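A quick write-up on the structure given underneath.
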Amino acid sequence: MASLIVFSTFLVLFALRVPVTTAIGVGCVAALLAGGGSLQEIPRHMMGGIESFILLAIPFFVLAGNLFNAGGATARLFSFCEVVFGRIPGGLAQVSVAANVVFSGMSGAALADLAGLGTMTVKAMREAGYRERFAAAVALASSVLGPIIPPSIMFVIYAASTSTSIGRLFMAGVGAGLMIALILMAYIAIVVLAGWEPCPPARRHTLKDAARQTWMALPALLAPVVILGAMRAGAVTATEAGVLAVFYAVVLGAIYRGFTRHNLKTALVSSTVMSASILYLIAISGVMGHILTADRVAHAAAEAMTSITTNPLVGMLILNVAMLVIGCVLETTPALLITAPILTPIAAAYGVDPVHFGIIMCLNLIIGIVHPPMGIGLFVMSSVTRVSMEEMTRATLPFLIPLLLSLLVITYVPAISMWLPDLVFGKTK
Amino acid sequence: MHNVRRALAAWGMAEMFVAAGCLVAISCLNAAGVLMRYGFNSSIVWSEEISLLLLNVMVFLGAAVMYKARAYVVLEYFFRKFSAPLQHWLTLATWALACTFAAITAFYGASLYPLQINTTSFILELPRFYATIPLIIGCASIACVSAFYLWLELRHQEAIAILPGIELT
């Protein structure tokens, strides 16, 4: 009953433009009052919600992403990817996907990718003669890789709310991210080769120029290797890997001489407010988590789902559709915080590994940023380009085909995600 | 009213400064921890406790800044379809709810004082209530700013962000 009050109050208020944190909070107050609980539970569970060392990784990865952008590492990466991938069908569109793969290994959020790399990609593609709306759609679709390829803020939140191994999640994201990138690149190649989208010939690079770009990008290219390598070697925890990423970004910014007083200040302020907004939401979700746990919602939901079907293939299909719908109407962080503790036991009842399900869940929810009504990526891209929301939506919708195909492949072929964590950490029993 | 806005903006800038300072301090503290472990085969035993305390300060003061910058997550889709008078009433209700919830959290946070003042952390033996203080200050600040936005809306004035120009990248 209490959980029904939380959910219904939250959904109604959120639909009426109440800030998500207030909507959840008011829902919790209503549920506690209805159930005769003490309102002291609110501050107590808010504090408990963020009393976790692993959550410190969130501000670190947010700050690292913004510092990589501010320091000029993103521009070097783009130039390097242009040298390597610029000549394959799709030219700069392929470069956009490849650059996102590398940049995702440094930053942990899709919006950091969009604001930095996305803006740069669209500008380069527009100047090369691509249609701007196609360029913006490619940048937006590729930004989905940000939260899938480690380090990932979404994985940290999922791990903290479901007690899953963050190391295994990070490793699982590598295979899944590469699969999505391959499918996106194949889709772009088909679109270009079929003549559906004009693709101006890419700029030729001399050997000397290619060598120079590679040399310039080398320190930035080493960032994912350093961050993930240190974690893999057991030298640092996930939280410390975030610190490492921050300091690596500072060093890169110094090497590239990209920092100015203004962009450093902007990066710091923006990272502080963004991290605080995520963690404040996590704090309030801690109260909701307490109410849902007391109501045994996850257990009841798992029983209800398995009574509908015991077939894991059908069950996962239903879960995917449900998560896609949730991703349509809710922003990724609240969606993850609300649904992860409920849906993970259901997936476990179907025999799906929580690490594998974490990848599926994050991909489902992050797809929501590329389409209306909650497509934050659409708003960001539309505001940084000259493309209207309507045009942006029309150009981006075809990219749901490769993204949904990736989702199906990743859902039904667990080995894509699980081969690397199993190889690195051994199989779980 | 102009003075209230200026006071809230100055308070917001102070919160921003402290919250950003905490982020820098947490980064340096954890980096020092790694350095000590590998460079000097030692460790800063209190770093986790202090990091979590600073994180609390960053989160709750940062959340107050978020409200002042109006940089929170909302769903505009349905709201835009309503008539102007209905939008006005919904906005009034939104700020009233935000103010009430933040005030309840701050009040009940302060009421934890007798329970938490004698419970201490493991290493530094700091009273647990110290970790609750940022929540009380942050939520009280959110309640004040929400009340200000509510007042503006009651007077049919546009509630422009107190701290404009903060963008979430």
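If you're wondering where the values come from, they're calculated on a predicted model, not measured in any experiment. Each chain gets a letter, A, B and so on, in the order its sequence line appears, and its residues count up from 1.
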Pick from C22(B), A63(B), S27(B): which one has the most heavy-atom pairs with chain A under 4.5 Å? S27(B)

Looking only at L52(B), L61(B), I104(B), the option with the highest number of non-hydrogen pairs under 4.5 Å against chain A is L52(B)

Answer with side chain, backbone, both or neither: which region of [X] has an atom nearer than 4.5 Å to a non-hydrogen atom of chain B?
X       : result
I58(A)  : neither
F53(A)  : both
L63(A)  : side chain
L13(A)  : side chain
A267(A) : neither

Test item: C139(B) and Y280(A) side chains (from C-beta on) under 4.5 Å apart, heavy atoms: yes

Can you name the closest pair of heavy atoms from [X] and [Y] and give their distance?
X       : Y       : result
M58(B)  : A276(A) : O-CB, 3.8 Å
L135(B) : P43(A)  : CD2-CB, 3.9 Å
A20(B)  : T272(A) : CA-OG1, 3.5 Å

N56(B) vs E51(A), test: side-chain contact (heavy atoms from CB on, under 4.5 Å). Steps then yes/no. CA-CA 8 Å; N56(B) 274 345; E51(A) 207 173 52; 5.9 Å; no

Scored by heavy-atom pairs under 4.5 Å with chain B, the best of I50(A), L244(A), V246(A) is I50(A)

Among L56(A), L39(A), V29(A), L279(A), the residue with the most heavy-atom pairs under 4.5 Å to chain B is L39(A)

Ignoring hydrogens and geometry, is there a side-chain-to-backbone donor-acceptor pair from R17(A) to R80(B) under 3.5 Å? no

Test your reading of the model: is there a side-chain donor-acceptor pair from Y108(B) to the backbone of S38(A), 3.5 Å cut-off? no

Qualifying residue for side-chain contact (heavy atoms from CB on, under 4.5 Å) with T22(A), from T94(B), I142(B), L97(B): L97(B)

Using the rule given for side-chain contact (heavy atoms from CB on, under 4.5 Å), can you reason through S277(A) versus Y72(B), listing the C-alpha separation, both sets of side-chain angles and the distance that settles it, and then say yes or no? CA-CA 7 Å; S277(A) 68; Y72(B) 38 71; over 6 Å; no

side-chain contact (heavy atoms from CB on, under 4.5 Å) between L112(B) and M47(A), worked out: CA-CA 12 Å; L112(B) 289 174; M47(A) 301 297 297; 5.7 Å; no

Please lay out, stage by stage, how F101(B) and T21(A) fare under the test side-chain contact (heavy atoms from CB on, under 4.5 Å). CA-CA 10 Å; F101(B) 173 68; T21(A) 43; over 6 Å; no

